[in-house]
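First the structure, in the form of structure tokens, and then the observations on it.
Heavy-atom basis, side chains included; hydrogens, waters and symmetry copies ignored. Since this is a predicted model, take the numbers as computed values, not measurements. Counting starts at 1 for both ligands and their atoms, following the listed order.
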Amino acid sequence: MRGPLIYNAFVHLTPNHHSHGYWRTPEGRVQLGYKDLHPWVEEARLLEQARFDTLFLADVVGTYDLDYGDGTATIRNGSQFPGNDPSAIVSALGLVTEHLGLVVTSNIIQDHPFSFARKMSTLDHFTQGRVGWNIVTSYLSNGFRNFGYKDIVGHDERYEWAAEYTEVAFKLWESSWEDGAVLHDAESGAFFDPARIHRIDHTGARYRVEGPHIVEPSPQRTPVLFQAGNSAAGIAFAARNAEVSFLPSRTPEAARRDIAKLDAEVVAAGRASGSVKTLVQLSTVIGSTEQEARRKQQYLQDNISIEGLQGFYAGNTGIDLPSIDPETPLSDLVSRTRFTDHVRSNLRAAAEQYPDPSAVTWRGFLTDKALLPGRFAGTPEQIADEIERWATAGVDGFNVVPVTSLGWYQEFIEYVVPVLRKRKLMREEYEPGTLREKLFGAGPRLPHTHRARNQPLNAD
Ligand SMILES: Cc1cc2nc3c(=O)[nH]c(=O)nc-3n(C[C@H](O)[C@H](O)[C@H](O)COP(=O)(O)O)c2cc1C
């Protein structure tokens with residue numbers, strides 16, 4: 001752990017993010033408000049009062065179907081369907097908060113990089129430099145078909161695509177406008193200095209973009225870069241690009257190994273050791289006693305929709321899971337993902353936490369706590385102990401996964417946060433400045449060792 005631990009609230013503007021089916025309980029019905037603005041505004045305020053670092057808005061741009069399936073199970077269950085556009089909410093949340101980081105997921109297939117770079121620069125202005133970008137390459141076949149592609153593009157090819165996509169965005173954010181381009185010189189009448197604003201003239205395999213960037217440099221220029229690649233190609237991409245990375249680790253020991261592996265690649269990419277902050281999943285069930293926490297955990301499991309979960313994992317892994325015998329060993333499923341182009345690391349990481357994944361059935365896995373990564377049921381003190389264990393392994397923070405995106409953080413804030421404060425496991429106050437300054441303590445811009453700062457322009 002380097003500096004105060006980071007706490008990231010993980011939400012999705014959708015009926016069911018991960019706890020599929022829980023909306024049917026009296027406690028879960030709060031999630032019916034997912035399409036209104038007010039509950040999100042209240043949540044952002046609450047998270048800021050508690051000193052959460054970031055509100056992270058997940059997103060997918062299609063249904064969880066199989067290659068040519070119809071997505072019926074997930075549509076019926078409202079499992080990450082529908083999904084409202086997360087970037088649309090950022091201005092409103094930025095207005096009612098002062099410090100909270102606002103991290104938007106945006107997929108390389110959904111937006112042309114020129115319009116995406118423009119949107120993010122605008123939001124960075126509107127939030128005084130508090131936006132982040134979760135760079136995702138999409139694992140849903142339907143998502144690709146929504147944007148005119150015949151089918152999902154190969155796994156590693158998506159990362160090559162992301163490399164060019166980010167290159168275009170980085171050129172627009174970092175190289176198009178020199179410092180000093182903004183003059184506001186009323187005497188001469190020069191608002192800007194054209195000699196310091198450059199076309200980018202990008203020509204690549206997928207994009208041709210002339211430029212210049214049509215938004216003034218924003219406080220951070222490039223939003224803080226989040227990423228969750230867990231495959232070899234994904235880790236290589238994270239090492240070159242990410243500033244904050246979500247680890248797949250299911251145990252502190254695994255986290256130690258994953259951090260060392262990522263850091264070695266970060267250094268090989270010419271960046272400073274430790275320059276990528278690492279977060280692991282933390283999903284808690286809180287009770288005033290251990291027994292109460294276990295009862296609540298059981299209640300949660302009893303109210304999970306297995307159909308929704310099967311559909312969710314099917315879209316995630318590219319395997320037709322609803323048609324698979326529930327008694328199939330988990331290890332068999334893991335070997336099948338090797339041949340798909342979806343999220344290969346998902347089931348593998350889940351299986352790794354079992355000493356013998358061939359002894360765990362698919363049904364057992366779904367009903368087990370593994371269905372939400374990092375699930376931990378206990379008292380606030382026990383949860384703080386758990387957080388301490390992970391922190392000692394060297395993680396920089398936690399992706400705090402709620403049961404329902406709306407409403408659930410109230411309990412965590414009321415019962416767990418005071419214990420974390422007492423143990424100095426959560427910051428008392430925000431650092432001043434932009435999100436990058438708050439998280440990394442240095443300036444508002446990416447360091448010079450990051451590839452974004454070294455994109456040569458072809459023009460001028
Ligand atoms: C915490 C976390 C959040 C993620 N959020 C999204 C998301 O909002 N949208 C999305 O398409 N993928 C999301 N992903 C999936 C990743 O982008 C990535 O596809 C996955 O981790 C597999 O890595 P790989 O592509 O290197 O195999 C998320 C993954 C994690 C661990």
Inset, instruction - Check each atom of ligand 1 against the heavy atoms of T105 and keep those under 4.0 Å away; list them by number with element. - result: 7 (C), 8 (O), 9 (N)

Inset, instruction - Check each atom of ligand 1 against the heavy atoms of N399 and keep those under 4.0 Å away; list them by number with element. - result: 1 (C)

Inset, instruction - Answer yes when D385 and R423 have at least one side-chain N-carboxylate O distance shorter than 4.0 Å, and no when they do not. - result: yes

Inset, instruction - Quick one: look at N134 and ligand 1, take heavy-atom pairs under 4.0 Å, and tell me if it's side chain, backbone, both or neither. - result: side chain

Inset, instruction - Pull out every atom of ligand 1 sitting under 4.0 Å from any heavy atom of Y159, numbered as shown with elements. - result: 23 (O), 24 (P), 25 (O), 26 (O)

Inset, instruction - Begin with the C-alpha distance, continue with both residues' side-chain angles, and end with the deciding distance and a verdict on side-chain contact (heavy atoms from CB on, under 4.5 Å) for I152 and R158. - result: CA-CA 9 Å; I152 191 165; R158 301 202 296 271; 3.5 Å; yes

Inset, instruction - May I ask you to check whether Y139 has an N/O atom sitting below 3.5 Å from an N/O atom of ligand 1? - result: no

Legend entry - Salt bridge flag under 4.0 Å for residues E167 and K171: yes

Inset, instruction - Would you mind running through ligand 1 and noting each atom that sits below 4.0 Å from a heavy atom of G234? - result: 26 (O)

Inset, instruction - Find all atoms of ligand 1 within a distance of less than 4.0 Å from any non-hydrogen atom belonging to G229, and give their numbers and elements. - result: 23 (O), 26 (O)

What donor-acceptor contacts under 3.5 angstrom involve side-chain atoms of residues 85-96, with partners at least two apart or in another chain?
unit_1: D85; atom_1: OD1; unit_2: S87; atom_2: N; d: 2.9
unit_1: D85; atom_1: OD1; unit_2: S87; atom_2: OG; d: 2.9

Legend entry - Salt-bridge criterion met for E386 and R389 (N-O under 4.0 Å): yes

Inset, instruction - Apply the test ring pair (Phe, Tyr, Trp, His ring centres under 6.0 Å) to residues Y34 and H12: give CA-CA distance (whole Å), side-chain angles for both, the deciding distance (0.1 Å), then the verdict. - result: CA-CA 9 Å; Y34 82 92; H12 195 158; 9.4 Å; no

Legend entry - D59, portion touching ligand 1 at heavy-atom distance under 4.0 Å: backbone

Inset, instruction - Heavy-atom contacts with N230 under 4.0 Å: which atoms of ligand 1 show up? List them by number with element. - result: 21 (O), 23 (O), 24 (P), 26 (O)

Inset, instruction - Check whether the side chains of Q80 and T74 place a donor and an acceptor atom closer than 3.5 Å, and report yes or no. - result: no

Inset, instruction - Any atoms of ligand 1 less than 4.0 Å from a non-hydrogen atom of A58? List them with their elements. - result: 8 (O)

Inset, instruction - Would you check the N or O atoms of S231, main chain and side chain alike, for any that come under 3.5 Å of an N or O of ligand 1? - result: yes

Legend entry - Proximity of Q227 to ligand 1 by residue part, where a heavy atom lies under 4.0 Å: neither

Inset, instruction - Determine, for E253 against R256, whether the closest basic-nitrogen to carboxylate-oxygen distance falls under 4.0 angstrom. - result: no

Using a 3.5 Å cut-off and no angle test, enumerate the donor-acceptor pairs between side-chain atoms of residues 407-417 and protein atoms at least two apart in sequence or in another chain.
unit_1: Y409; atom_1: OH; unit_2: F10; atom_2: N; d: 2.7
unit_1: Y409; atom_1: OH; unit_2: V400; atom_2: O; d: 2.7
unit_1: E411; atom_1: OE2; unit_2: K296; atom_2: NZ; d: 2.5

Inset, instruction - Check I235 against ligand 1 and report side chain, backbone, both or neither, counting heavy atoms closer than 4.0 Å. - result: neither

Legend entry - Polar side chain donor-acceptor pair, D258 to S249, under 3.5 angstrom: yes

Legend entry - ligand 1-proximal atoms of Q281, by part, heavy-atom distance under 4.0 Å: side chain

Legend entry - Numbered atoms and elements of ligand 1 in range of F10, under 4.0 angstrom, heavy atoms: 1 (C), 3 (C)

Inset, instruction - Decide whether the shortest distance between a heavy atom of H155 and an atom of ligand 1 is less than 4.0 Å. - result: yes

